[in-house]
Amino acid sequence: MVEDIIGILVAPIIIFMIFVAPIWLILHYRSKKQVAQGLSKEEYASLTELADKAEKMAERIHTLEAILDAEAPQWRNRA
């Protein structure tokens with residue numbers, strides 16, 4: 001009886017240690033390596049492009065707010 005229970009518990013642990021744990025460790029340390037390497041050239045270029053677009057959008061918003069302040073001074077109080 002006790003031997004059956006031990007067999008039921010040991011079998012999944014052995015299967016886990018043989019198949020799942022090594023794959024898990026390999027994937028874990030591969031992802032750690034990728035994070036440690038930093039941004040790739042494509043990612044850096046994309047990030048730079050997004051930052052430029054954000055700056056242009058901020059300038060446009062500032063310009064639109066200046067136009068609205070000149071033409072409709074109470075527009076901020078309406079929202």
Side-chain angles (χ1 to χ4, degrees):
M1 180 76 175
V2 174
E3 292 175 3
D4 292 336
I5 294 174
I6 292 174
I8 291 173
L9 294 175
V10 171
I13 292 172
I14 291 173
I15 292 172
F16 177 82
M17 295 300 287
I18 291 173
F19 296 109
V20 177
I23 295 171
W24 188 357
L25 288 172
I26 289 168
L27 293 175
H28 171 73
Y29 285 110
R30 184 183 295 170
S31 69
K32 288 274 190 181
K33 181 181 174 186
Q34 289 176 350
V35 168
Q37 288 178 348
L39 297 175
S40 68
K41 290 181 181 180
E42 295 89 21
E43 291 170 333
Y44 185 76
S46 177
L47 183 62
T48 305
E49 181 182 348
L50 288 173
D52 292 339
K53 287 181 180 181
E55 288 178 16
K56 288 178 184 177
M57 186 178 292
E59 290 174 10
R60 288 178 179 176
I61 291 171
H62 180 69
T63 302
L64 288 172
E65 287 178 346
I67 292 170
L68 283 171
D69 285 338
E71 292 187 7
Q74 298 299 322
W75 72 273
R76 292 182 194 263
N77 295 335
R78 293 182 194 166

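With rounding to the nearest 0.5 angstrom, the CD atom of Glu49 is 4.5 Å from the NZ atom of Lys53. Distance check: Gln74 CD to Asp69 CG gives 10.0 Å after rounding to the nearest 0.5 Å. Annotation: the span from Ile14 atom CD1 to Leu9 atom CG amounts to 11.0 Å, rounded to 0.5 Å. Atom CD in Glu55 sits 7.0 Å away from atom CD in Glu59 (nearest 0.5 Å). With rounding to the nearest 0.5 Å, the separation of OG1 in Thr63 from CD in Glu65 is 9.5 Å. Taking CD1 from Ile67 and CH2 from Trp75, the interatomic distance works out to 11.5 Å, rounded to the nearest 0.5 Å.
Cluster annotation: Val10 and Ile18 are assigned to the same hydrophobic cluster (Ile/Leu/Val/Met/Phe/Trp/Tyr, side-chain heavy-atom contacts under 4.5 Å, transitive). Ile13 and Phe16 fall within a single hydrophobic cluster, where Ile, Leu, Val, Met, Phe, Trp and Tyr side chains are chained together by heavy-atom contacts under 4.5 Å. Hydrophobic clustering (ILVMFWY, side-chain heavy atoms < 4.5 Å, transitive): Leu25 and Ile15 are in distinct clusters. Linking ILVMFWY side-chain heavy atoms closer than 4.5 Å, directly or via other members, places Trp24 and Met17 in a single hydrophobic cluster.
Checked by atom type and distance alone, the side chain of Ser46 never pairs as donor or acceptor with a backbone atom of Glu42 at under 3.5 Å.
Counting heavy atoms from C-beta on, the side chains of Ser31 and Leu27 never come closer than 4.5 Å. Side-chain contact between Leu68 and Arg76 is absent, with no heavy atoms from C-beta onward closer than 4.5 Å.
Nearest approach of Glu43 to Gly38, heavy atoms of both residues: OE1-O, 4.2 Å.
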